Participant: 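The structure's right below; bear with me while I get my questions together.
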Amino acid sequence: QLQLVESGGGLVQPGGSLTLSCEGSGFGFDYYVIGWFRQAPGKEREGVACMSRSGGDINYADSVKGRFTISRDDAKKTVYLQMNNLRAEDTGIYYCAARRRTTVQARCNLQSNFPSWGQGTQVTVSS
């Protein structure tokens, strides 16, 4: 099973930017659909963005469309989440998760079951 480690979180002012990284270890990183999720204090975890194996299918939560960009570099076994124009409501713990898919064309769905999870990285947006 894929092991995932997130990094890149921190404290940023509203309107600022951060880039999160999710590095995988283990065989076959390119066989996995990768998703980013977040959980704010007192709230349920929500899906933020996901990307298919090929990168051909990308989905974002409405709340981050136009501000966040997900990308992947399979050679580095890493998925990124570029976050721009951050808002206070983006504060939370950000997790990456992986779902193995045998078909390259398989689409990503933030409602799917993702069996592998990282430990999370804290993002705080505050002045």
Side-chain angles (χ1 to χ4, degrees):
Q1 192 156 335
L2 199 65
Q3 305 296 316
L4 301 169
V5 178
E6 303 93 337
S7 61
L11 173 64
V12 63
Q13 292 186 343
S17 298
L18 278 176
T19 299
L20 305 183
S21 299
C22 170
E23 184 173 357
S25 61
F27 177 76
F29 184 83
D30 57 334
Y31 277 73
Y32 289 82
V33 170
I34 304 293
W36 282 99
F37 298 79
R38 67 186 181 189
Q39 188 164 20
K43 294 187 176 181
E44 292 188 357
R45 187 175 63 200
E46 63 172 342
V48 175
C50 66
M51 173 176 273
S52 64
R53 284 181 53 185
S54 64
D57 187 40
I58 296 173
N59 288 290
Y60 295 99
D62 288 343
S63 58
V64 306
K65 283 180 181 177
R67 300 188 298 122
F68 289 13
T69 302
I70 187 172
S71 61
R72 66 189 295 162
D73 185 338
D74 288 340
K76 295 182 178 180
K77 297 184 179 181
T78 302
V79 173
Y80 304 96
L81 187 67
Q82 172 69 42
M83 306 186 296
N84 298 326
N85 191 21
L86 283 161
R87 307 167 180 168
E89 53 264 38
D90 294 318
T91 294
I93 301 175
Y94 283 69
Y95 303 89
C96 64
R99 172 180 166 87
R100 195 175 193 278
R101 303 293 284 164
T102 55
T103 305
V104 172
Q105 296 82 5
R107 306 189 69 175
C108 75
N109 185 338
L110 288 168
Q111 307 304 317
S112 299
N113 175 46
F114 285 78
S116 300
W117 290 81
Q119 83 290 346
T121 186
Q122 176 71 45
V123 172
T124 302
V125 184
S126 175
S127 55

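The model shown is predicted, which means the values in this text are computed figures rather than measured ones.
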Participant: Ser21 versus Glu6: any side-chain heavy-atom pair under 4.5 Å?
Facilitator: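 Counting from C-beta outward, Ser21 and Glu6 never come under 4.5 Å.
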
Participant: Please name the pair of heavy atoms, one in Arg67 and one in Asn85, separated by the smallest distance, quoted to 0.1 Å.
Facilitator: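 Closest approach of Arg67 to Asn85: NH1-O, 3.0 Å.
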
Participant: Can you name the nearest heavy-atom pair linking Ala106 to Ser52, along with the distance?
Facilitator: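 That would be O-CB, 3.3 Å.
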
Participant: Is the backbone N or O of Gly26 less than 3.5 Å from a side-chain atom of Lys77, with the two atoms forming a donor-acceptor pair by type?
Facilitator: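 Yes; at least one donor-acceptor contact below 3.5 Å.
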
Participant: Over all heavy atoms of both residues, which pair between Gly47 and Ala61 is shortest? Give the atoms and the distance, please.
Facilitator: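 Shortest heavy-atom contact: O-CB, 3.4 Å.
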
Participant: How long is the gap from CD1 on Ile34 to CG on Leu81, to the nearest 0.5 Å?
Facilitator: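 Reported to 0.5 Å precision, the distance equals 12.5 Å.
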
Participant: Is there a side-chain contact between Leu2 and Tyr31 in this structure, where contact means two heavy atoms from C-beta onward sitting under 4.5 Å apart?
Facilitator: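 No - every pair of side-chain heavy atoms lies 4.5 Å or more apart.
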
Participant: Keeping the roles fixed (side chain from Arg101, backbone from Arg53), state whether a donor-acceptor pair exists under 3.5 Å.
Facilitator: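 It does not hold such a pair.
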
Participant: Any non-hydrogen side-chain atom of Asn113 less than 4.5 Å from a side-chain atom of Arg99?
Facilitator: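 Contact flag for Asn113/Arg99 side chains = yes.
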
Participant: Please say whether more than 12 non-hydrogen atoms of neighbouring residues, nucleotides or ligands are located less than 6.0 Å from CD in Gln111.
Facilitator: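 Atom CD in Gln111 is not packed in, count stays at 12 or less.
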
Participant: Given Met83, which partner from the list Val123, Asp90, Val64 fulfils the side chain to side chain contact (heavy atoms under 4.5 Å, CB included) test?
Facilitator: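 Result for side chain to side chain contact (heavy atoms under 4.5 Å, CB included) with Met83: Val123.
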
Participant: Got a list of side-chain donor-acceptor pairs under 3.5 Å for residues 11-20, not counting sequence neighbours?
Facilitator:
from, atom 1, to, atom 2, distance (Å)
Ser17, OG, Asn84, OD1, 2.9
Thr19, OG1, Gln82, OE1, 2.4

Participant: May I ask you to test the Ser63-Arg38 pair for a side-chain heavy-atom distance under 4.5 Å?
Facilitator: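 Yes, side chains in contact.
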
Participant: Tell me who clusters with Phe37, hydrophobic residues only, linked when side chains sit under 4.5 Å apart either directly or through other members.
Facilitator: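 Members alongside Phe37: Val33, Ile93, Tyr95, Leu110, Phe114, Trp117.
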
Participant: Quick one: closest heavy-atom pair of Arg72 and Asp30, and the distance?
Facilitator: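 Scanning both residues, the minimum pair turns out to be NH2-CA, 3.9 Å.
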
Participant: Please give me the minimum heavy-atom distance between Lys76 and Thr78, naming the atom from each residue.
Facilitator: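 Result for this residue pair: O-OG1, 2.8 Å.
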
Participant: Is it the case that the side chain of Tyr60 and the backbone of Ile70 share a donor-acceptor pair, with hydrogens and angles ignored and the cut-off at 3.5 Å?
Facilitator: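 Pair found, side chain donor or acceptor close to backbone of Ile70.
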
Participant: So which heavy atom on Pro115 is nearest to which on Ala98, and how close?
Facilitator: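 Pro115 and Ala98 have their closest heavy atoms at CD-O, 3.2 Å.
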
Participant: Rounded at 0.5 Å granularity, tell me how far OG in Ser116 sits from CG in Leu4.
Facilitator: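 Rounded to the nearest 0.5 Å, the OG-CG separation comes to 6.0 Å.
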
Participant: Same cluster or not: Ile58 versus Tyr32, using hydrophobic residues (I, L, V, M, F, W, Y) connected whenever any side-chain heavy atoms lie under 4.5 Å apart?
Facilitator: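 Looking at the clustering, Tyr32 is in the same group as Ile58.
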
Participant: Looking at Arg100, I'd like to know if its CZ atom is crowded, meaning that more than 12 non-hydrogen atoms belonging to other residues, nucleotides or ligands lie closer than 6.0 Å.
Facilitator: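 Check passes, neighbour count above 12.
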
Participant: Out of curiosity, Gln3 CD to Ser25 OG, how far, rounded to the nearest 0.5 Å?
Facilitator: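 Here the rounded value is 5.5 Å.
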
Participant: Is Trp36 linked to Phe29 within one hydrophobic cluster, defined over Ile, Leu, Val, Met, Phe, Trp and Tyr using a side-chain heavy-atom separation of less than 4.5 Å?
Facilitator: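 The answer is yes; both residues are in one hydrophobic cluster.
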
Participant: Any donor-acceptor pair under 3.5 Å linking the side chain of Arg107 with the backbone of Asp57?
Facilitator: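 Such a contact is absent between Arg107 side chain and Asp57 backbone.
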
